[in-house]
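Just the heavy atoms: all of them, side chains too, but no hydrogens, waters or symmetry mates, feed the values below. Per chain, numbering begins at 1; letters A, B, ... match sequence-line order.
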Amino acid sequence: MEYKPRKIEKKWQRMWEKTGIFKARDSLFLPAKRKRGGLKFYILDMFPYPSAQGLHVGHPRGYITTDVFAHFMRRKGFNILHPMGWDAFGLPTENYAIKTGIHPEIITKRNIKRMKKQLKLIGLGYDWSREINTTDPEYYKWTQQIFLLLYKMGLAYEATLPINWCPSCKTGLANEEVIEGRCERCGTEVIKKDLRQWVLKITVFSDKLLKDLDLLDWPEKIKEMQRNWIGRSEGWEIKFKVATTDKRQETSIKVFTTRTDTLFGCTYLVLAPEHQIIQKLKDQILNFKSVERYIEKSKKKTERERISKVKEKAGIEIKGIKAVNPVNGRAIPIFVADYVLIHYGTGAIMAVPAHDQRDFDFAKKYNLPVIEVIKPYYVKEELPKETPLVISDGRFEKAYEGEGILINSGRFIGMKSKIARERIGEWLTKKNLAKKAIYFKLRDWIFSRQRYWGEPIPIVHCQKCGIVPLGKKDLPLKLPRVKKYQPTGTGESPLAAIKKWVNTKCPKCKGPAKRETNTMPQWAGSCWYFIAYLLDKNKEFAWNKRKINYWLPVDLYVGGAEHAVLHLLYARFWTKVLYDAGLIKFKEPFLKLRTLGLILAPDGQKMSKSRGNVILPDKIIEEYGADAFRLYEMFMGPFDEAINWNVQGIVGMRRFLEKVWKLFDGQKSIVPIKEDKELEKLVHKTIKKVTEDIENFRFNTAISALMILVNNFQGKNYGVWYLKTLLLLLAPFAPHIVEELWQKYFVEKPEFKINRSIHNQPWPKYDPKLVKEEMITLVIQVNGKVRDKIEVKADISEKKAKKLATSREKIKKRIKDKKIKKVFFVPGKLINIVV
RNA sequence: GCCGCCGUGGCGGAAUGGAUUACGCGUGCGACUCAAAAUCGCAUGAGGGAAACCUCAUGUGGGUUCAACUCCCACCGGCGGCACCA
């Protein structure tokens with residue numbers, strides 16, 4: 001019989017769905033049953049956005065990975081939860097709605113249908129009974145409920161802030177969504193805009209988000225990216241008194257620095273344009289007009305402009321006031337410059353041009369003194385007791401930012417910079433001029449978007465009561481129907497135009513009120529969706545608690561690395577909130593994370609519609625079958641590395657499956673003929689290899705081991721057990737063909753039952769004794785070069801090996817009259833004779 | 001600029017201190033066939049040699065070691081992330 005993949009694949013996909021073989025067993029969370037049922041394993045994919053283009057061959061790489069792993073763990077006796085859903089709010093759908101006038105809900109439904117069909121084609125064993133969709137009111141009522149929880153916990157607040165605004169998408173963006181000053185979605189230059197916003201206090205969790213990374217089995221790279229994003233830095237806050245013409249008005253400027261050791265080299269201060277002291281002291285500032293003009297100018301710059309002029313540091317001196325350097329009492333000038341950021345540290349810095357490149361560039365431009373206070377260690381010259389003051393006269397070309405020995409620093413001269421850092425800090429602390437401080441780069445999360453297709457924020461603004469949250473019974477607050485989805489561009493969402501919806505009653509005083517018209521960002525629904533798979537939609541959250549705490553946290557999470565600081569950080573944040581609220585028992589959502597490499601088009605570029613290089617899985621599967629497709633995606637290379645799709649590659653997989661098919665074909669039943677010791681050993685070794693490779697995500701080498709096994713079956717007498725084992729090992733990768741062969745040759749009755757499926761057979765075990773080789777090829781080296789090989793017993797002793805080696809003709813020739821200096825023997829591997 | 005990762009045949013890759021090139025693709029030759037496809041078998045890093053065999057090859061240069069794709073240093077090239085964060 002011919003191997004016709006599409007025929008058997010359709011058949012088994014239907015059968016598995018009918019019998020529900022891949023459904024997770026919730027009943028096991030009941031303690032009595034848990035004992036019998038084995039341990040749980042929650043394996044999760046980053047759920048896709050249902051786009052109109054559907055899936056290309058790159059998308060399923062992760063889904064196949066989790067599917068292989070889920071199969072493997074199920075066979076090892078774990079109770080598996082492997083669900084799938086749709087992260088469906090977002091701009092592409094909304095933009096399509098604007099173009100066509102079709103409601104986003106309809107577009108979403110259509111896209112989901114299409115993509116679900118594609119996923120099913122691949123034969124992925126999802127528990128579809130738990131499918132979720134973030135745009136379903138029954139789903140987002142929970143998202144809204146969690147928002148209300150955040151509000152009640154004081155973690156959501158309203159603020160009018162200069163935010164990142166994308167003029168093309170006509171919406172505000174989170175800090176994380178701005179890439180090199182451009183919008184993450186459309187690449188338009190982001191500008192600053194003052195807008196009333198909902199903001200989430202993610203910064204409250206800075207420390208926890210940083211520390212708990214240590215608990216996670218995540219790729220070091222992703223952890224490092226989050227660490228950098230959170231950006232903890234330890235230093236000191238130092239008070240600089242301000243000398244003004246008005247002696248009565250005493251004030252000071254606080255700066256944050258990690259380099260207290262360079263304080264003696266501080267020759268001026270720089271304030272961010274937004275620093276409030278400028279307004280406070282405006283009467284004292286002689287050139288306030290020009291200062292104000294500078295501030296206005298820098299406000300109008302786009303992020304992009306600020307970044308593109310990184311090297312050009314410009315500012316303006318504030319005349320009429322001076323700061324006092326606390327270590328030496330020297331009066332120093334104060335500047336305003338937009339290279340100092342208001343939202344980091346104190347919004348003011350002390351400038352040490354000799355030891356900070358940015359300060360150096362600035363000082364050079366404005367001809368400010370450069371005082372050297374750190375000498376690199378390698379300068380071994382004796383330091384005189386009183387170092388003369390060194391003021392730059394253009395001899396410096398670059399700031400020295402490294403560690404060293406202090407000079408020009410009063411009583412700290414000669415001290416190592418690392419130690420001086422602490423000593424100077426402590427000294428000023430005693431004088432009440434400094435204190436230890438920790439700052440984070442992480443900023444609060446701007447949570448509102450001025451668009452239609454997102455979760456409505458369940459808040460009303462009452463003239464009398466102010467901000468009033470909706471009650472649970474008012475949820476879900478559904479999106480109203482609108483005629484036009486166009487963003488207004490005025491900073492209000494299209495919802496603002498729906499008077500009927502906007503005008504409402506205050507839940508508190510029943511007086512007239514207006515609804516919040518901003519919606520939540522794309523990331524809201526995905527912040528908690530791993531919990532959503534466990535919710536019984538008609539029940540309270542608390543009712544689902546046991547289920548949640550049985551299954552969560554997620555044991556293995558697989559997806560793209562592009563979410564390193566967006567989704568993965570936000571989801572961790574919400575988890576910590578829910579934990580603090582006592583609703584869940586885990587502090588981290590994803591214990592183990594593995595990130596995928598992209599599958600690129602054959603031309604090495606990202607697949608995209610605009611490049612016209614998209615390859616669809618549908619066609620590939622139609623031609624070669626889902627099993628060959630799955631095998632190829634796993635075999636292409638290490639799963640975390642980017643790889644080009646190669647049309648030729650899949651041919652080999654199909655050939656391999658044909659070979660497997662032919663091992664069985666034409667036989668009425670599989671009859672053992674003769675046991676083959678060598679083959680039996682190889683089977684055991686293959687079990688070991690495939691098991692270990694799957695455990696370590698080395699799917700490509702697992703498949704190559706199976707190919708080697710099949711190649712060794714060719715033309716040999718094989719026993720029943722060998723063939724059974726082959727199918728059992730191949731099952732996670734090519735689930736359809738193995739089910740077909742299993743049912744046909746190893747199951748008596750034709751009627752299909754779950755427990756007869758190959759996917760419910762225990763994972764094979766190997767005999768450690770048979771994995772060991774009795775005979776090995778001993779490599780004989782002379783001076784580290786291979787000169788001969790001999791077949792010997794694996795446990796051969798050094799003495800014997802040496803005797804044997806030196807008796808070989810080839811070796812004799814090599815060592816002839818030379819003296820043997822030393823012999824290195826690696827048991828079971830090689831012997832190296834050094835002459 | 002800073003941080004991280006990666007450079008191995010014609011191609012995807014394997015081997016992370018012990019035989020470089022497993023497995024797959026491609027290519028060549030052979031078998032089967034009237035012929036072709038499919039399939040099966042053999043070969044396939046480069047150079048030299050009639051052959052046994054020899055020499056050289058894991059981005060480049062150096063080092064450690066009996067032994068380096070693997071560890072260390074410098075450089076070159078590519079990819080990803082961050083980017084005025086004091």
With nearest nucleotides of RNA chain B determined for A:Thr701 and A:Val786 from heavy-atom distances, which residue corresponds to the more 5′ nucleotide? A:Thr701

Mind checking if [X] touches a base, just sugar-phosphate, or nothing, with heavy atoms under 4.0 Å?
X	result
A:Lys441	base
A:Met653	sugar-phosphate
A:Lys689	nothing
A:Asn711	sugar-phosphate
A:Thr777	base

Considering Watson-Crick and G-U wobble pairs with both distances under 3.5 Å, what does [N] pair with?
N	answer
B:G4	B:C79
B:G9	none
B:C34	none
B:A67	none
B:G28	B:C42
B:C53	B:G48
B:A74	B:U60

Heavy-atom side-chain proximity of A:Arg698 to A:Thr701 below 4.5 angstrom: yes

Taking the [atom1] atom in each of [N] and [M], what is the distance between them to the nearest angstrom?
N	M	atom1	result
B:C56	B:G1	C1'	41 Å
B:G41	B:C23	P	13 Å
B:G9	B:U21	C1'	7 Å
B:U65	B:G80	P	39 Å
B:G26	B:G45	C1'	15 Å
B:U20	B:C75	P	31 Å
B:A50	B:U33	P	38 Å
B:G13	B:C6	P	14 Å

Indicate syn or anti for B:G9, taking the glycosidic torsion and treating anything within 90° of 0 as syn. syn

Choosing from [options], which nucleotide comes nearest the side chain of [X]?
X	options	result
A:Pro638	B:A86, B:G13, B:G24	B:G13
A:Val779	B:A22, B:A19, B:A86	B:A19
A:Leu830	B:G80, B:G24, B:G18	B:G18
A:Tyr339	B:A86, B:U39, B:C84	B:C84
A:Trp229	B:C23, B:C82, B:G18	B:C82
A:Ile643	B:C23, B:A14, B:G13	B:G13
A:Met707	B:A19, B:A86, B:G24	B:G24

Side chains of [Y] and [X]: any donor to acceptor distance under 3.5 Å?
X	Y	value
A:Tyr400	A:Thr262	no
A:Glu177	A:Trp523	yes
A:Lys606	A:Asn613	no
A:Glu317	A:Tyr268	no

Do the side-chain N or O atoms of [X] get closer than 4.0 angstrom to the phosphate oxygens (OP1, OP2) of [N]?
X	N	result
A:Asn700	B:C23	no
A:Lys785	B:C56	yes
A:Arg655	B:C25	yes
A:Asn832	B:U65	no
A:Ser704	B:G13	no
A:Gln781	B:A67	no

Cation-pi, A:Phe733 ring and A:Arg630 (6.0 angstrom, 45 degrees): no

Are [X] and [Y] within salt-bridge range, i.e. N to O under 4.0 Å?
X	Y	result
A:Arg654	A:Asp627	no
A:Glu176	A:Arg443	no
A:Glu798	A:Lys802	no

Distance, rounded to the nearest Å, where [X] contributes [atom1] and [N] contributes [atom2]:
X	N	atom1	atom2	answer
A:Lys810	B:C53	NZ	P	5 Å
A:Ile708	B:C23	CD1	C1'	6 Å
A:Asn175	B:C84	CG	P	11 Å
A:Glu224	B:C5	CD	P	10 Å
A:Glu274	B:C84	CD	P	14 Å
A:Arg654	B:A38	CZ	P	13 Å
A:Arg787	B:G18	CZ	C1'	16 Å
A:Phe699	B:G12	CZ	P	22 Å

Any stacking of A:Phe824 on B:C66, going by centres under 5.5 angstrom and planes within less than 30 degrees? yes

